[in-house]
Amino acid sequence: MIYNIIIIGAGHSGLEACLSSSKICNKIKLISSNLENLGVLSCNPSIGGIGKSHLIKELEILGGIMGELSDYSRIHSKILNYKKGESIHSLRYQVDRILYKNYVLKILFIKKNIFLEQNEIKKILRFKKKVILIDKFNCIHISKNIILCAGTFINSKICIGKNVFKIGRYNEKTFNLSKSFKKINLFINCLKTGTPPRIDINYINYNKLDIQYSDYSYCFSKNFNFNNNIKCFIANTNIVVHNIIKKKFKNTSIFLGKISSLGPRYCPSIEDKIYKFPFKNSHQIFLEPESYYSKELYLNGFSTSLSINNQKKIIRKIFGLEKTLIIRFAYNIQYDYYDPRCLNLSLNIKFANNIFFSGQINGSTGYEEAAVQGFVSGVNAARKSIKLPLWKPKKWNSFIGVLINDLIYLGIQEPYRIFTSKSKFRLFLRMDNSIYRLYNLSFLLGTLTNFKFKFNNYFIYNTYNNLFYIFKIKFKNKFFLNKKIIIMSKYYGYIKKYLFKF
């Protein structure tokens with residue numbers, strides 16, 4: 001059978017590509033090396049943040065699934081930048097990784113036009129406007145379009161101390177697809193990222209830690225979850241920890257030159273923090289629960305590549321964690337990425353337009369950036385297969401457009417992360433007006449379900465209808481409407497001057 005689309009990789013990018021394309025066309029195959037890991041949050045179980053929450057909100061309006069998944073599984077939420085202007089208000093969730101994964105499996109297994117397959121692709125060839133994939137059993141898969149969403153698994157290696165392992169994640173294989181793309185002269189380079197250790201929740205002295213309570217506030221979609229009640233905690237490093245790291249830093253593979261690529265600037269390892277800020281006596285560490293059904297705590301801000309013995313020594317010198325046990329050890333990972341400047345705005349290769357790239361192989365970092373690229377590539381691959389014009393996101397009407405335009409036109413020197421400051425239209429691209437900006441686009445793309453279409457349609461109709469009768473509505477009923485009017489009037493002058501050029 002000749003498929004319309006074959007998606008390689010089933011992370012956040014592959015999931016969004018799969019679900020968005022399935023709403024437009026059929027005969028879609030999703031290939032993953034391990035189907036048990038569908039929907040797994042491989043690093044931090046958190047969704048959203050500064051700039052990232054804008055992406056999720058826009059994705060939700062356009063018909064993506066990440067907002068619904070995170071609302072369903074959230075266990076802690078915070079509003080960031082609440083004391084500042086509404087344009088940079090951001091929402092950050094701590095999610096239950098088990099609930100998140102189960103919801104993903106439920107959605108994928110219900111879909112009838114999506115074929116799931118556990119396999120590994122070794123070679124990718126192009127022949128007469130078709131793409132031929134050869135798997136590890138030397139079987140052939142033929143498709144009109146493919147979407148490569150392999151994340152950090154292409155030619156990847158993990159380092160812990162002096163040890164370097166040729167794997168993608170713990171107990172998972174790496175792929176060597178770089179040879180297939182070197183033949184079509186794609187520029188390939190390496191990037192680095194890392195993950196901190198996970199510790200046992202039962203061996204922590206919480207009296208020595210600061211408590212971070214949850215906000216009962218906004219949500220990304222209609223799927224509101226009342227389980228938003230788990231506490232997070234804040235610990236701090238100290239001079240003793242810093243001195244140990246300074247002595248042991250020379251024994252890491254990064255210092256020895258075994259891994260030389262750049263990592264994310266906004267999520268550095270603890271060694272980088274101590275090296276770059278030598279006069280700072282402490283750094284914050286956020287202790288974040290991973291699930292209702294897990295005893296693991298994620299140490300956000302404590303990413304490291306030190307050896308296992310050194311990780312045990314360091315963590316037990318932190319106040320409140322003296323008796324703790326490490327369940328999973330930290331590591332750094334280096335992987336291949338392809339220069340995104342070889343792509344069109346529709347995320348297909350300029351000189352091989354039926355091959356789409358999305359996610360971390362384009363040099364981005366984070367779940368949200370990957371999911372957005374997956375959605376765009378999935379929509380465009382589906383539209384291409386039924387011979388419709390491709391969608392090219394614009395940077396004036398969405399942060400999705402800002403992300404893709406930055407990748408395509410500017411390229412990257414480090415893992416790309418979205419921020420509100422990266423758009424000059426940020427006062428217009430707010431979370432609260434996403435539905436007004438992108439509702440027409442979601443209707444034209446055809447990616448909304450009937451229920452979401454009716455829900456959004458009713459919401460917009462109700463808002464504009466109430467504007468005509470604002471003085472007749474009781475104050476309690478028009479509180480949120482008044483708030484929207486105040487925000488819109490506050491930014492009206494800017495939008496009129498810079499966006500519409502009046």
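Note that this is a predicted model, so its numbers are computed, not measured. The figures here come from the full heavy-atom set of this structure, side chains too, leaving out hydrogens, waters and symmetry mates.
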Problem set entry | Tyr338/Phe187 aromatic ring centres below 6.0 Å |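 Distance test on ring centres: not under 6.0 Å, no.
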Exercise. Does the pair Phe302 and Asn300 meet the rule for a side chain to side chain contact (heavy atoms under 4.5 Å, CB included), with working shown?
Worked result: CA-CA 6 Å; Phe302 202 76; Asn300 193 356; over 6 Å; no
Problem set entry | Name of the residue among Ile158, Ile154, Thr193 meeting side-chain contact (heavy atoms from CB on, under 4.5 Å) with Tyr335 |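 Of the listed residues Ile158, Ile154, Thr193, the side-chain contact (heavy atoms from CB on, under 4.5 Å) partner of Tyr335 is Thr193.
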Heavy-atom check, side chain of [X] versus side chain of [Y], under 4.5 Å:
X: Ile142; Y: Ile140; answer: yes
X: Val131; Y: Lys144; answer: no
X: Asn433; Y: Phe428; answer: yes
X: Ile121; Y: Ile134; answer: no
X: Lys192; Y: Asn332; answer: yes
X: Ile418; Y: Lys52; answer: yes
X: Leu30; Y: Leu38; answer: yes
X: Ile107; Y: Leu69; answer: yes

From [X] atom [atom1] to [Y] atom [atom2], the distance as rounded to the nearest 0.5 Å:
X: Leu41; Y: Tyr100; atom1: CG; atom2: OH; answer: 5.5 Å
X: Tyr3; Y: Ile7; atom1: OH; atom2: CD1; answer: 12.5 Å
X: Leu19; Y: Leu15; atom1: CG; atom2: CG; answer: 4.5 Å
X: Ser398; Y: Leu55; atom1: OG; atom2: CG; answer: 8.5 Å
X: Leu59; Y: Leu438; atom1: CG; atom2: CG; answer: 10.5 Å
X: Leu191; Y: Ile361; atom1: CG; atom2: CD1; answer: 12.0 Å

Donor-acceptor check, side chain of [X] to backbone of [Y], threshold 3.5 angstrom: yes or no?
X: Glu368; Y: Gly48; value: yes
X: Ser364; Y: Gly359; value: yes
X: Gln94; Y: Ile75; value: no
X: Thr447; Y: Leu62; value: yes
X: Asn4; Y: Ile28; value: no
X: Asn380; Y: Val376; value: yes
X: His76; Y: Tyr93; value: no
X: Tyr367; Y: Cys43; value: yes
X: Lys273; Y: Gly301; value: yes
X: Asn113; Y: Cys25; value: yes

Problem set entry | Residue pairs, two or more places apart or on separate chains, that pass salt bridge (Lys or Arg N to Asp or Glu O under 4.0 Å) and touch residues 11-25 |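 Sorted result for residues 11-25: empty, none.
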Exercise. Quick one: salt bridge (charged side-chain N to carboxylate O under 4.0 Å, His left out) partners of Glu117, sequence neighbours excluded?
Worked result: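 Checked Glu117 against salt bridge (charged side-chain N to carboxylate O under 4.0 Å, His left out); matches are Lys29.
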Are there over 12 heavy-atom neighbours, none belonging to [X], within less than 6.0 Å of that residue's [atom1]?
X: Lys350; atom1: NZ; result: yes
X: Lys454; atom1: NZ; result: no
X: Tyr458; atom1: OH; result: no
X: Phe443; atom1: CZ; result: no
X: Lys395; atom1: NZ; result: no

For this session: Sequence neighbours left out, what pairs pass ring-ring contact (aromatic ring centres under 6.0 Å, His included) with at least one residue falling in residues 147-168?
Result: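 Pairs touching residues 147-168 that pass the test: none.
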Can you list the residues that meet the side chain to side chain donor-acceptor pair (under 3.5 Å) rule with [X], with sequence neighbours excluded?
X: Asp432; answer: Arg430
X: Ser346; answer: Asn348
X: Ser291; answer: Asp96
X: Asn155; answer: Lys166, Asp336

Could you check whether [Y] and [X], counting side-chain N and O atoms only, form a donor-acceptor pair closer than 3.5 Å?
X: Glu288; Y: Ser46; result: no
X: Tyr103; Y: Glu68; result: yes
X: Ser358; Y: Ser13; result: yes
X: Arg426; Y: Ser421; result: no
X: Asp272; Y: Ser269; result: yes

For this session: Step by step, work out the side chain to side chain contact (heavy atoms under 4.5 Å, CB included) result for Met66 and Ile47.
Result: CA-CA 9 Å; Met66 182 173 257; Ile47 302 291; 4.2 Å; yes
For this session: Mind running side-chain hydrogen bond (donor to acceptor under 3.5 Å, both in side chains) on Asn119 and Asp135 for me, showing each step along the way?
Result: CA-CA 7 Å; Asn119 208 335; Asp135 62 22; 2.8 Å; yes
Problem set entry | side chain to side chain contact (heavy atoms under 4.5 Å, CB included) between Phe357 and Tyr337, intermediate numbers included | CA-CA 10 Å; Phe357 285 169; Tyr337 81 95; over 6 Å; no
Quick one: list whatever passes side chain to side chain contact (heavy atoms under 4.5 Å, CB included) with [X], sequence neighbours left out.
X: Lys106; answer: Ile110
X: Gln118; answer: Asn34, Leu35
X: Ser53; answer: Ser90, Leu91, Phe220, Met431
X: Lys422; answer: Val402, Asp406, Tyr416, Phe419

For this session: Can you tell me which residue pairs pass the side-chain hydrogen bond (donor to acceptor under 3.5 Å, both in side chains) test with a partner in residues 382-393, sequence neighbours excluded?
Result: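 Applying side-chain hydrogen bond (donor to acceptor under 3.5 Å, both in side chains) to every pair that reaches into residues 382-393, excluding sequence neighbours, yields nothing.
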Exercise. Hey, is Arg417 close enough to Glu369 for a salt bridge, meaning N to O under 4.0 Å?
Worked result: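 Salt bridge flag = no for Glu369 with Arg417.
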